[in-house]
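Heads up, the thing below is written out as structure tokens.
Any value given below was found using the heavy atoms of this structure, including those in side chains, with hydrogens, waters and symmetry copies removed. Quick note on labels: first sequence line is chain A, next is B, and so on, each numbered from 1.
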Amino acid sequence: MTAASSLTAPGAPAARPGRRFGFAWIGVVPFVLFAAGFLVLPTAYLLTGSLQDTHGQVTLQNYARLSEPNLASAYAASIEISLVTAVGGGIFGFLLAYAVIAGGLPRFLRNALMTFCGVASNFAGVPLALAFTFTLGASGLLTPLIKSLGITLNIYSKTALELAYMYFQFPLMVLIIAPAIDGLRRDWREAAENMGATSFQYWRYVAFPILLPSLLGTTILLFGNAFGAQATAYELSGGTINIVTIAITRQIRGDVVNDPGVGYALAMGMVVIMAVSIGAYSLLQRRAERWRR
Amino acid sequence: MAFLELSGIQKRFGETSAVIDFNLAAERGEFVSFLGPSGCGKTTTLRMIAGFEQPTAGTVAVDGKDITRRAPNQRNVGMVFQSYALFPNMTVAGNVGFGLRVRKQPKDRVAKRVTELLELIHLPDKADRYPYQLSGGQQQRVALARALAIEPQVLLLDEPLSALDAKIRVILRNEIRAIQRSLGITTVYVTHDQEEALSLSDRIVVMSEGRIEQIGSPFEVYNFPATSFVASFVGTLNVMTARVAGAAEGRLVMDGQPIRAARPVTIAPDGANVTIAFRPEMLSMGEAGANRLRGTVQDVTFLGSIVRIRVHLASGATVVSVDTFNDPNLTVPEAGAEVTISFPPEAVLVLEAPPAATAEDLIAEA
């Protein structure tokens with residue numbers, strides 16, 4: 001008998017090993033460092049900066065200035081563009097995904113669409129703006145054709161910006177909603193039909209409610225995606241369009257208007273909107289996944 | 001005229017024939033099972049009754065009305081799916097009442113019917129639960145209640161118990177049968193489980209490769225299989241080849257040893273080979289029966305309520321299984337012991353020309 005075993009009373013429960021540092025935590029360290037360096041610290045820096053005036057004194061004046069017409073209209077424009085492209089891209093992306101995945105079209109179309117969407121959803125920023133300019137700008141490839149159809153498109157307008165955003169918004173919708181559409185089981189439709197439901201009733205009572213959390217969640221994600229976009233808008237409009245991300249650039253790096261404190265307050269407003277978007281998305285995803293258990 | 005009538009049903013998927021010349025007439029209130037291995041066409045036939053598949057040829061009629069071309073939502077046929085297919089976004093009450101709601105029934109009638117059905121399936125306290133909060137057995141009960149809510153003319157069940165564990169399966173199948181009897185609803189039940197089909201059905205349709213092999217009561221199908229497929233698929237069976245020694249008297253020679261059938265052999269002349277079969281439980285150790293075969297015990301398997309003894313016949317080429325009821329006082333022979341097995345002439349089923357398989361393969365277990 002070993003010394004250790006002789007100390008344990010017969011029938012006594014074995015001593016539980018104490019909690020020790022798990023090596024698995026080492027795998028999380030890069031993420032923690034990344035999140036701290038690129039999310040927590042910048043947010044803290046923004047918050048601090050937004051609460052200081054140009055002399056470093058604590059103030060709420062920067063936040064008060066957000067109600068000024070030009071800054072408030074930047075939020076309004078950003079919200080409008082984000083809403084239009086989120087809802088438009090969401091509807092278009094969903095219909096496209098549904099047609100290709102559940103509409104009985106050939107399998108190769110699905111593969112082709114998914115590949116395209118994988119590329120297009122990441123095709124944003126300067127390359128997208130340049131591509132858009134080369135295609136639809138003053139000397140664009142398709143401009144004569146569009147003009148000959150009697151359509152006038154000013155690529156420096158809000159509508160043009162929305163059109164450009166749609167190029168990465170709807171593919172993102174396709175990529176994110178595809179698993180949810182795949183999750184619609186054929187036997188749900190058959191069960192509904194079997195009980196006398198029409199196709200409309202199936203969608204009204206079964207399919208749409210099941211997809212709704214995913215649809216809303218993804219639309220919120222698209223909203224956040226558009227709200228945070230800067231490079232595409234800046235490159236396409238040359239900084240003339242008044243949206244939040246460009247307003248921030250102007251306040252922090254601008255020559256005419258330059259007030260970093262206001263820029264930080266604008267950015268904090270964005271952080272709040274993005275946090276609400278991500279929170280709502282997570283909540284809806286959790287609800288959608290509850291049904292899939 | 002039968003209540004549910006399938007006449008000359010064919011179904012082709014491209015070049016493949018899934019169902020071939022299927023004819024069935026089920027009476028009102030009858031419980032019919034489609035029994036067969038995977039891919040034999042039983043679910044396809046069920047789906048044609050439900051309207052999810054269109055027959056390539058033939059007609060489906062319920063209560064004298066041809067419903068072959070009717071849409072699934074116009075048939076008033078209830079179906080219980082293998083995977084339950086409960087709507088995950090609805091509570092139990094929502095699922096059960098769905099069919100009535102889409103038929104624009106008044107709310108109070110829907111609520112009353114839901115309550116009745118939840119009591120019928122012994123889940124009156126689960127009305128507000130969601131499907132993911134229920135066990136598999138409870139989900140299948142809800143699926144049954146949902147199918148019954150619309151008071152269908154015909155109830156279809158597509159392997160409804162296959163995803164459940166053995167004990168729940170037995171409990172639930174008894175409940176399904178009791179409910180079916182109490183409602184008197186014509187029911188078609190698809191299964192590959194012979195025990196389920198034998199215990200539940202008024203009649204069984206045994207299918208293989210899209211064709212009906214035999215239609216009969218469980219007693220007929222088990223005791224008088226029409227083909228070697230039915231014989232081998234339903235129950236455990238010794239299937240082997242014998243030579244006809246005296247067709248008129250039912251005399252045969254198997255493995256060099258004479259045996260006798262209860263009836264004359266009509267399917268082959270003297271000297272020809274035939275396939276014969278006998279159930280393991282019809283055989284006994286000792287010399288009590290009119291037919292006797294000598295052999296050596298190969299092994300003994302304990303199967304709970306029965307003990308299976310496998311015997312090499314004298315030539316060593318043929319193995320015969322003998323089942324005997326378990327009994328604490330039972331004396332079983334050791335492997336290698338010389339034994340005599342015997343059976344009455346009634347146990348011998350003469351089927352058809354012998355299949356091209358080895359004797360070992362022919363000890364078929366369905």
Non-hydrogen atoms of chain A under 4.5 Å away: do they reach the side chain of B:Leu86, the backbone, both or neither?
-> backbone
Candidate pair B:Leu144 and B:Gln140, rule side chain to side chain contact (heavy atoms under 4.5 Å, CB included), full reasoning = CA-CA 6 Å; B:Leu144 178 63; B:Gln140 198 53 288; 5.8 Å; no
Under 3.5 Å, is there a donor-acceptor pair between the A:Thr85 and A:Glu162 side chains?
-> no
Given that the side chain runs from C-beta out, which part of A:Arg186 has a heavy atom under 4.5 Å from chain B: side chain, backbone, both or neither?
-> side chain
Which value, rounded to the nearest 0.5 Å, describes the distance between A:Leu216 atom CG and A:Leu284 atom CG?
-> 5.5 Å
Going by atom types alone, do B:Thr191 and B:Glu196 pair a side-chain donor with an acceptor below 3.5 Å?
-> yes
Return yes if some donor-acceptor pair links the side-chain N/O of B:Arg146 with the main-chain N/O of B:Tyr84 below 3.5 Å, else return no.
-> yes
Honestly, the part of B:Arg47 sitting under 4.5 Å from a heavy atom of chain A is side chain
Measure the acute angle between the ring planes of A:Tyr165 and A:Phe168, then classify it against the limits of 30° and 60° as parallel, tilted or perpendicular.
-> tilted
Would you mind checking if A:Arg185 and A:Glu190 are paired as a salt bridge, meaning a charged N to carboxylate O distance below 4.0 Å?
-> no
Taking non-hydrogen atoms and a cut-off under 4.5 angstrom, which of residues 96-109 of chain B neighbour chain A?
-> B:Phe98, B:Gly99, B:Val102, B:Arg103, B:Lys104
